[in-house]
Amino acid sequence: MIETNDPAIWRNFLPWPSAETHKHARGRLAVVSGKAHHTGAARLAAHAGLRMGAGIVRILCPPDAASVIAPAVQAVMLTPFSSPENLSREAAGSDAVVIGPAAGLDDATIANIQALGSTGAVLVIDADGLSVFKGRTAELFAVLDRDDILTPHEGEFDRLFPGLLAKGRETAVKDAARAAQATIVLKGAQTLIASPDGRIRRNENGSPWLATAGTGDVLAGMIGGLAAQRMDSFDAACAAVWLHSDAAERFGPGLTSDDLYDVLPKALLEQWKASAT
């Protein structure tokens with residue numbers, strides 16, 4: 001059975017801080033950046049992770065990107081890495097890692113994802129991190145565990161699971177989650193979120209204002225921010241998808257991906273108030 005994705009299902013699982021909570025208890029999120037001329041996506045994801053409450057957020061970047069990113073971030077920390085092995089060491093201790101937005105469609109991205117598989121962090125894999133495994137899906141599956149989350153739109157989904165969409169979106173996403181043994185977020189007007197245990201939720205508050213560059217990077221960071229705070233991966237994905245759309249509707253026409261940061265606190269505040277009643 002397919003459930004409607006509704007805040008009543010996951011609201012009480014959102015990781016609200018208490019008066020005694022400190023930043024180190026709120027989770028560590030890492031976001032892997034692309035090269036110097038492709039850093040915006042990582043910055044969007046990192047700031048989204050902060051807005052969702054992750055206590056410490058770091059961008060891990062190739063050395064040539066550090067001078068580009070450093071002037072553009074404040075609360076987000078920055079650490080260069082020079083190899084997949086170095087990336088794995090720097091990501092050690094992270095609770096979640098977002099990789100894929102503007103990562104590049106090359107073997108370096110594959111090597112970086114494979115290296116991150118040994119960290120034990122929840123992996124949120126998006127965009128290039130999915131498309132780069134076209135025809136090499138088994139290599140991706142070998143990296144994943146049940147806490148990991150893939151966030152494809154239909155084009156990326158078809159590259160990973162060719163022909164599966166012909167069965168219909170619901171059957172396709174259910175079969176994909178089972179095959180990958182990971183949570184799948186199949187983005188669209190009605191985004192579907194599937195767990196490897198067979199659960200599926202349909203998101204029905206989708207917003208047309210999200211049809212603009214960078215909003216998918218924000219969503220990946222939102223999911224990562226909740227997963228870093230040890231929210232269950234399936235519920236974290238469901239919550240982030242709904243809140244992402246809710247924030248877009250609150251802003252309305254003229255939305256750009258950067259604007260989501262300004263309205264996310266309002267969307268979160270409403271859920272916090274509802275959870276307290």
Exercise. Measuring from N205:CG to Q190:CD, what's the distance to the nearest 0.5 Å?
Worked result: 10.0 Å

Problem set entry | Residues in side-chain hydrogen bond (donor to acceptor under 3.5 Å, both in side chains) contact with T119, at least two apart in sequence or another chain | none

Throw together a table of side-chain donor-acceptor distances under 3.5 angstrom for residues 48-61, partners on residues two or more places apart or in other chains.
unit_1, atom_1, unit_2, atom_2, d
R51, NE, Y261, O, 2.9
R51, NH2, Y261, O, 3.4
R58, NH1, T79, OG1, 3.1
R58, NH2, E90, O, 2.3

Exercise. Quick one: side-chain hydrogen bond (donor to acceptor under 3.5 Å, both in side chains) partners of D128, sequence neighbours excluded?
Worked result: none

For this session: Taking all heavy atoms of L29 and all of V97, pick out the closest pair and write down the distance.
Result: CD1-N, 4.3 Å

For this session: Give the cluster check for L243 versus I223: same hydrophobic cluster or not, with ILVMFWY residues linked at side-chain heavy-atom distances below 4.5 Å.
Result: no

Exercise. How many angstroms lie between CG in L264 and NE2 in H47, if you round to the nearest 0.5 Å?
Worked result: 13.0 Å

Exercise. How far does NE2 of H244 sit from OG of S207, to the nearest 0.5 angstrom?
Worked result: 9.0 Å

For this session: List the atom of G206, the atom of S245, and the distance in Å for their closest heavy-atom pair.
Result: CA-OG, 3.6 Å

Seminar exercise, completed: With sequence neighbours left out, the residues meeting side-chain hydrogen bond (donor to acceptor under 3.5 Å, both in side chains) with R136 are D107, E139

For this session: Without swapping roles, check the side chain of N86 against the backbone of S82 for a donor-acceptor pair under 3.5 Å.
Result: yes

Problem set entry | A236 versus L226, closest heavy-atom pair with distance | O-CD1, 3.6 Å

For this session: Looking only at non-hydrogen atoms, find the nearest pair between A127 and P101 and report the distance.
Result: CB-CA, 4.0 Å

Exercise. With side chains defined as the heavy atoms from C-beta onward, is the minimum distance between N203 and L192 less than 4.5 Å?
Worked result: no

Problem set entry | Student check: side-chain heavy atoms of F133 and T137 closer than 4.5 Å | no

Problem set entry | Pairwise side-chain contact, D95 with Q229, heavy-atom cut-off 4.5 Å (strictly under) | no

Problem set entry | Which atom of V263 lies closest to which atom of A247, heavy atoms considered | CG2-O, 3.3 Å

Exercise. Taking the side chain as C-beta and beyond, is there a heavy-atom pair between R169 and L186 under 4.5 Å?
Worked result: yes

Exercise. For the atom pair CE (M222) and OG1 (T151), what is the distance rounded to the nearest 0.5 Å?
Worked result: 12.5 Å

Exercise. Remaining members of V68's ILVMFWY cluster at a side-chain heavy-atom cut-off under 4.5 Å?
Worked result: none

Problem set entry | Qualifying side-chain hydrogen bond (donor to acceptor under 3.5 Å, both in side chains) pairs with a residue from residues 60-71, counting only residues at least two apart or across chains | none

Exercise. With F234, which residues qualify under ring-ring contact (aromatic ring centres under 6.0 Å, His included), at least two apart?
Worked result: none

For this session: Identify the heavy atoms of I200 and E170 that sit nearest to each other, and give their distance.
Result: CD1-O, 3.7 Å

Return a table of donor-acceptor pairs under 3.5 angstrom between the side chains of residues 208-218 and protein atoms on other chains or two or more places apart.
unit_1, atom_1, unit_2, atom_2, d
W209, NE1, E249, OE2, 3.4
T215, OG1, L210, O, 2.7
T215, OG1, T212, O, 3.2

Exercise. How far does OG1 of T4 sit from CZ of R202, to the nearest 0.5 angstrom?
Worked result: 6.5 Å

Just list the side-chain donor-acceptor pairs under 3.5 Å for residues 10-17, sequence neighbours left out, or say none.
unit_1, atom_1, unit_2, atom_2, d
W10, NE1, N5, OD1, 2.9
W10, NE1, D6, O, 3.3
R11, NE, Q271, OE1, 2.7
R11, NH2, Q271, OE1, 3.4
W16, NE1, S275, OG, 3.3

Problem set entry | D145: side-chain hydrogen bond (donor to acceptor under 3.5 Å, both in side chains) partners, not counting sequence neighbours | none

Problem set entry | All salt bridge (Lys or Arg N to Asp or Glu O under 4.0 Å) counterparts of K187, not counting sequence neighbours | D126

Exercise. Does the side chain of P196 come within less than 4.5 Å of T183's, by heavy atoms?
Worked result: yes

For this session: May I ask you to decide whether D262 forms a salt bridge with R250, counting only side-chain N to carboxylate O separations under 4.0 Å?
Result: no

Exercise. Applying ring pair (Phe, Tyr, Trp, His ring centres under 6.0 Å), which residue pairs with at least one partner in residues 88-126 are found, sequence neighbours left out?
Worked result: none

